Every structure is written in structure tokens, then in C-alpha cells.
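Encoded as C-alpha cells, the structure appears first; notes follow it.
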Amino acid sequence: MTAKEMTKRTLCASTALTVLLSLQINTAFAQQTDEETALENGYTADVLVVTARKREELLQETPLSITAFSALGLERANIKNLVDIADFTPGFSFASAFGRQGDRPVFRGMSSIQGGANASLFVDGVYVSGSSQSILLDNLERVEVINGPQSALYGRATFGGAINYITRRPSNEFTGRITAEFGGHDHTEFSGFVSGPIQEDKIFFDLGGKRYDFGGDYENTFPGLEGEKIGAEKTTAISGSLMFYPSENSEIIARVSYSEDDDGAYSIGLQDASYNNCFLDVARQYYCGEIAIPEGAPRHETNFYDEGSGLWRETLRTNLTMNFDFDNGATLTSISAYTGEENRVIQDQTYAGEDNRGFFRMGFITDNITEKDDYSQELRLTSPADRDFRYIVGGYVYKESTDGLARGSSDAPDAEHEFNGSSSVTNYAAFGQAEVDVNEDFTISGEIRYAEDKLEVETTGMETFKATYKSWTPRLTADYQVSDNFMVFGVIAKGNKPGDFNTNSALPAALQRVEEENLWSYEIGFKSNSSDGRFMFNMSAYFLDWTNQQLTQNFIPEGGGSPFSYLDNVGKTETWGVEVDTRAQLTEDLSVSAIYAYTHPEIKNFDLSADSRQEALNFGFANGIVSGTFTPQSPKHTLTLTGEYRTPVGNGDYEFFARGDFVYSSTRYAQVYNLAGTGGRKVANFRVGLESEQYSVALWAKNAFDDKTPTSILRYVDVPSFFSRRAFGVSLPRKQQFGITGTARF
């Protein structure tokens, strides 16, 4: 039996055993779980309220595949960012490949390598453009992760799924928290907030701030820079909210946040062409098998510019939400938002310190400055929730503009930045939902959105590209309450991803416009919990028909020249999968959970360009058309097992806790050929400490056994061979880390 077969059988056996044990739990516990105790569990679904469908609903009564985290749940699982959230969400995978930039969330195997992401993040209902990895979670009330197309209610770039961050509301009572954290690799974190009334029952405020430092966990091996830390991160953030009630039937919340990120060069290495072990008789060669961290990585030339290397980013976010309640119980909601962001990235993109060729520079050390502004306005009317017929109608406007400046190492270090193109997006949409209770157990709902996406791009050569993309995205949902604690549901939904442009002037005109992607999703599932709230078991199965798929291709200019990648509509993928989320309170002190997802995203037809087709022919794909493989950067299996023990100590004012999490994900392939991959990732995290209503202290370990599996693999070029051979960029994982966290609440 091979190691891969053993891993697969072990995963299946452990998952089956967990489910069987959970199903046999005796639900005749004497003590009922009230709302306060349930919420303290941090993830209890029967009392957690979500707004995934733009109205308040109990999580276990919402007919969608949703994973939700309360603020306490985030703290107890030591969740710090979107990477951690993905570890505890079935069907959602997120790997940090290029530091805290370039988000590529993967829902249900729907990955993307170039172009826009296939899923989006929202903060208080506001779409977040660009990277979200440095958005800190300290001021959140909860997080909601929704699997499957959300285009009908959320709009652009949510055809894979959506993540909602809901920030903490100001309090009518004075309350606050101070947290200090210290960990390995020069990690420190200080955060706090204070909230309370300015005028009791009328005006409330919330102020918070955070300073986060991570010194980096890898050492540079570039000559003359040996020992320099790679992978450092630093964020300073402040936020404020003001909530007031102008009248009995109106509520206004104003939010503002400002953050500064100052990161070093991100942790990535290059597996050069000398490692290639298959198809060696082909010009570019390839690597087959699991890729490990290359010897000597990371090796970056970080001192070409006086400023060094890394990411510098400033972000300002503002949000004004107004709710007006009418006498008939309907609510009119207005959400107005503005985001301004400026970032600069300097990076050695040879990934191996190979830019200097002696007599000339290759230009692979880049210095890019990007300025982005976006505005959005949503207006919606929501009917009362206690009627047999409920509705939502709304409109949405979004405008985004981006300008870029760039320079490279082929010029002198003191060369001026040059114009690097600009783009603008204008999105208009109208959406609605109608839901009816056919009887007290059976409910059906329909949603639809019409959107126009206007895209304009100006290139460095002052060429202008314009296009308008129009779409209809419906969703039909039905749910049946079999009993008080068991609900089945079904969803049919269409997803849509906006189109794009390739602006490289070397491309033929026919390859410059990229059409929209489309998806039809079919899902059935059930949600169940025991009558005493100590056991929950949710499961869903789905089928996705994904067409007009955007994928990177290779292009070699006529007459020679360096090959480059471009985006094209070449693919069709069919995906089916199963997701399981089960949790149980085995005893008064011991709780366990198991989260598992099996994803089968099979490529049916990728009709590649001439250069890419020749590579596919070399690798044995008939007629140069890729089929029968899986989408890249998407693990087939993900599994998270958690056990937590909590018991009172002393006079009962304090509680001792101990928690362990085991996170597994199977290999992520670098490209559609499925030849080179990361191998399986196996990470163990632990947390132990004491907690009271006012104070807590925790010792913790992340990646306790120092798993060295790369987080992502990028098919790349071997710069020393002047791009003639294939190489692979290897994103390096966070190393083993130990730390301590202390919190005081008042």
C-alpha cells in the first residue's frame, strides 16, 4: 500500500469514526444548555444569529452552508487571520502565497491563479477590494463564511462564496478589554478597546487599537545579507464607531478605521531547473512529485533599493449605516462606504537572488506603487421577519479607480517611477428576494440580481480598453423543517465572475478581452442538533457546473522574446463534493468537533493556446487538451479535529482549559497538469490556560510539530537559464511558534 493510499484510508477511517461516535452520544443530559452557556462555547449554532441573507436568522435555521464564529470563538481557537478561519471552515481553503497580498480564496475547488479572485470579503456589508489579510479581527462581533454562489445578494466576484466580517457594536454600558501577546520570532501584539454611552440609551461609542509585530521566521541567504529576517510583518491599526438613535425608529452607525502595514520581503523560494526530474527530453522540462522547501531558501536581493524590500500599505475605511423602521415593521437600510488605499511593494521576483547577470540586470526586482479608491452605496427595503411572506428589494452602486507607478532593476536604483497603467470599475445592480412559508414547516425563496459591470483600462502605452458586462444571477432555495431539531434544504444558484482584459501589447487583439465566467450550483443538505443543544451535525453535498473558465496561458511573441502569461476563457470544470460539520459536548467539561470536506473539482476540458497546448501534448494529454485532472491550488481533502477540556478550579471563579486542534489538507497542485504539488499539510495547534469573567492567560503553540509543507506552489521560470526551463516558486510555511496571551476585561 502506498503512503498516499494509507493517508486516504486513515482520513476516511478517522472521519467515519468521529461521525459514528457522535451519532451514538446519549442526548439525555440532565442539564439544559441555556443561551448564555451556549454562546460561551463560541460556535454553538442553535443560538448564534447570522445575517448571511441580509436579515437576522438563527444559524441552524438558515438554509445555506454557513460556518460562523463568535468573538469568543475566535479567541478560544486562537484565530488571527483569514488563513486560520479557513482551517475551521469545511469547503474553504486559503493559503498565503505572497505574504499579506494577492488573496486567492478557494471555495469548493474554485481556484484562480491570475485575474480576480473567485470569492470576496465584506466588512459590515461593504465589499473589500484588494488584499484582506491584514484586516485584524480584534474588533469583530462575528465572522460568517458562506459556501457556494452568493451573486444574487452580494454581487460581483462572489460566485465561489463570501466572507462577512461583522464589527462590534458600541455598548450602552461601559466595557472594554486589554490584550497583550508575546511569541517566538519576535512576535508581540497589543490591542484593546473601550465602549460605552455618551448619552445613555441615545449615543454610544467604541474605540479600539492594535499594534502587531512579527519579526520573521526565515533568514536570508543572499551573499552579504546572511541572517537578515524574511517574512516580517507589522501593523498599526485604530478604529472607532459611533452609534446613535435620532428617534425611536431610526439608528445610525458611523465607522472609521485606519491601518498601516510595514512588511518585509515575503517568504518564498525558488526550486530551480536543476531539480527537474521528468519530461527532461522536452525543452522546458518539468518536476513531478511533492515539492519541498528548496535548499538555501529564501535567497532574496533585498538591498537593491535604499528603501529595502517589502510591503508598505496605508488603508482608510469609512462606513455609514442607517436603519429606519416603518410602522408596518419594514426596515429601510442605507450603507455608504469609502475606502482609500495606497501600497508599495518592492520584491526580488527571481525568488532566488538571480537578477544580476554580471553585465546587466534582468529587471526582476520590482518597485510598484498602487493607489486605489472605491465608493459604494447600497439601499434596501426589508419586510418584517414575522410574516408568512417576506421580501427584500434593493439597489447598489460601486465605483473603483486604481492608478499604478512602477520601476524595475533594469534601470538605475535612483530611476523615477513611471506610469504603470490605470483602471476603473463601475458596477450598477438591482436585487431582490421573495420568501414564502408554504406551511409552518416548508419554505421557498427566490433571489435575483441584475448587474452591469463597466470596466476601463489604460495601459502603460496609453492604450484604452473598455467593456460592459451584463449579468442575471438567480437563486432558488427550499427548506423543510422535518422536526424541531432537523432541517433539510436545497439550493440552485447561478454565479458570475466579472470579465477582464489582457493589456500586454504583444498579444493579438483577439486575446485581449476576457469574458465573464459562469457557474450553476446545485446543493442539498441538512442541519441537525440534539434537543439539549449538546450535539450538532450538519452535512451538505453539491454539484458545480463551471463554464467559460478563466485560466492562465503561455504566449511566445512572434520573432522570439520572453514568454509571458495571459488570461483566457478556456475551461470547463465539473465539481462535486461533501462537507461535514459535527460538534458534541461529550461531558460537562469535554467538547469535540470534526470538520471535513471532500472536493472533486475535475477539469472536463481546457482548450489551451498553441504554446500551452504543446506543453500539454508533451505531458501526454490527447490533442493537447487537458481533461481528467483537478483544478490547481485546491486540496481534495481537508480535515480539522478539535478537542477542548474546561473545568472550574479553586472556588469556581476561574476555569482551567486545554485545547488541541489538528488541521490536515491534502496536496495542492501547482498547475492543471497535476504533476507538481505541495504534499499533505499536517499542523497541530495547542492552547492551555486559566480564564475568569475578567481575566485570562493562555500558553499556546502554533504548528507545534513544525510541519514544513509549502503553503503554495507556483509554476515559474528559471531565470538563470533565461526562461528556457521550468522552475517553481515555493511559498514557505510559518514555522513552529510558542507564545503567551494575557487579557483583562472590564
Side-chain angles (χ1 to χ4, degrees), residues 64-65 67 82-83 85-86 89-98 101-122 127-133 145-164 425 427 449 451 453 455 469 471 473 475 493-500 514-521 523 542-552 565 567-577 579 597 599-604 606 630-636 638 668-672 712 714:
L64 293 173
S65 293
T67 302
L82 202 54
V83 176
I85 289 172
T89 305
F92 173 41
S93 177
F94 188 93
S96 180
F98 305 103
Q101 54 178 311
D103 292 6
R104 284 292 181 266
V106 179
F107 280 88
R108 295 178 169 176
M110 299 178 63
S111 57
S112 63
I113 299 177
Q114 194 170 324
N118 291 340
S120 297
L121 184 137
F122 297 79
Y127 167 68
V128 175
S129 61
S131 177
S132 60
Q133 294 184 58
V145 185
I146 320 166
N147 290 5
Q150 305 303 313
S151 302
L153 289 183
Y154 289 89
R156 63 192 325 270
T158 58
F159 80 144
I163 306 107
N164 289 330
V425 175
N427 178 269
R449 188 184 194 94
D453 223 41
L455 175 63
Y469 302 91
S471 61
T473 49
R475 180 165 69 184
K494 183 182 180 182
N496 169 269
K497 178 180 176 180
D500 206 340
V514 184
E515 299 299 332
E516 295 179 303
E517 297 186 46
N518 292 298
L519 172 80
W520 279 101
S521 171
E523 180 179 359
Y542 59 87
F543 174 78
L544 309 178
D545 185 8
W546 185 8
T547 58
N548 221 23
Q549 191 170 348
Q550 300 169 4
L551 186 77
T552 52
S565 296
L567 199 62
D568 199 9
N569 301 99
V570 297
K572 174 181 172 60
T573 296
E574 293 181 356
T575 303
W576 60 270
E579 296 161 357
T599 310
H600 190 276
E602 184 176 351
I603 296 169
K604 292 298 182 180
F606 273 10
F630 284 3
T631 57
Q633 308 300 340
S634 175
K636 183 190 296 187
T638 59
R668 300 169 182 266
Y669 291 112
Q671 203 28 282
V672 296
S712 182
L714 170 68

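No experiment lies behind these values; they were computed from the predicted model shown.
Closest approach of Glu579 to Gly91, counting heavy atoms only: OE2-CA, 3.4 Å. The heavy-atom pair separating Thr473 from Gly495 by the smallest distance is CG2-C, 4.4 Å. Smallest separation of non-hydrogen atoms from Leu64 and Gln150: CD1-OE1, 4.3 Å. Nearest approach of Ser111 to Asn118, heavy atoms of both residues: O-ND2, 3.1 Å. Closest of all the heavy-atom pairs between Ser93 and Pro635 is OG-CD, 3.6 Å.
The CD1 atom of Ile85 sits 8.0 Å away from the CG atom of Leu121 when rounded to the nearest 0.5 Å. Within the model, atoms CD1 of Ile163 and CZ of Phe94 stand 8.0 Å from one another, a figure rounded to the nearest 0.5 Å. Separating the OG1 atom in Thr631 from the CZ atom in Arg668 is a distance of 11.0 Å, to the nearest 0.5 Å. Taking OH of Tyr469 as the reference point, atom CD of Glu515 lies at 5.5 Å (rounded to 0.5 Å). Between Arg475 atom CZ and Arg449 atom CZ the span is 11.5 Å, to the nearest 0.5 Å. To the nearest 0.5 angstrom, Glu517 atom CD is 9.0 Å from Thr573 atom OG1.
In this structure the side chain of Leu519 never reaches within 4.5 angstrom of the side chain of Lys497, judged on heavy atoms. Side-chain contact between Thr575 and Met110: absent, with no pair of heavy atoms (C-beta onward) separated by less than 4.5 Å. Looking only at side-chain heavy atoms (C-beta outward), Lys572 and Asp545 come within less than 4.5 Å of each other. Using a 4.5 Å heavy-atom cutoff, the side chains of Phe98 and Leu714 are in contact.
Between Trp546 and Phe159, the ring planes are perpendicular. Angles over 60° get that label, and only those under 30° would be called parallel. Ring pair His600/Trp576 is parallel by interplanar angle, where below 30° counts as parallel and above 60° as perpendicular.
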Passes side chain to side chain contact (heavy atoms under 4.5 Å, CB included), Ile146 versus Tyr154? Steps please. CA-CA 11 Å; Ile146 320 166; Tyr154 289 89; 3.9 Å; yes
Would you check, one step at a time, whether the test side chain to side chain contact (heavy atoms under 4.5 Å, CB included) holds for Phe92 with Thr67? CA-CA 10 Å; Phe92 173 41; Thr67 302; over 6 Å; no
With side chain to side chain contact (heavy atoms under 4.5 Å, CB included) as the test, would you mind laying out the steps for Phe107 and Val145 before giving the verdict? CA-CA 10 Å; Phe107 280 88; Val145 185; 3.7 Å; yes
Quick one: do Asp453 and Leu455 satisfy side chain to side chain contact (heavy atoms under 4.5 Å, CB included)? Show the steps, please. CA-CA 6 Å; Asp453 223 41; Leu455 175 63; 5.7 Å; no
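The backbone N or O of Val514 sits nowhere less than 3.5 Å from a side-chain atom of Asn569 that would complete a donor-acceptor pair.
Looking only at atom types and distance, the side chain of Gln550 has no donor-acceptor partner in the side chain of Asp500 under 3.5 Å away. Using modelled atom types, one finds no donor on one side chain facing an acceptor on the other under 3.5 Å when comparing Ser712 with Arg104. No side-chain N or O of Ser471 forms a donor-acceptor pair with one of Glu516 less than 3.5 Å apart.
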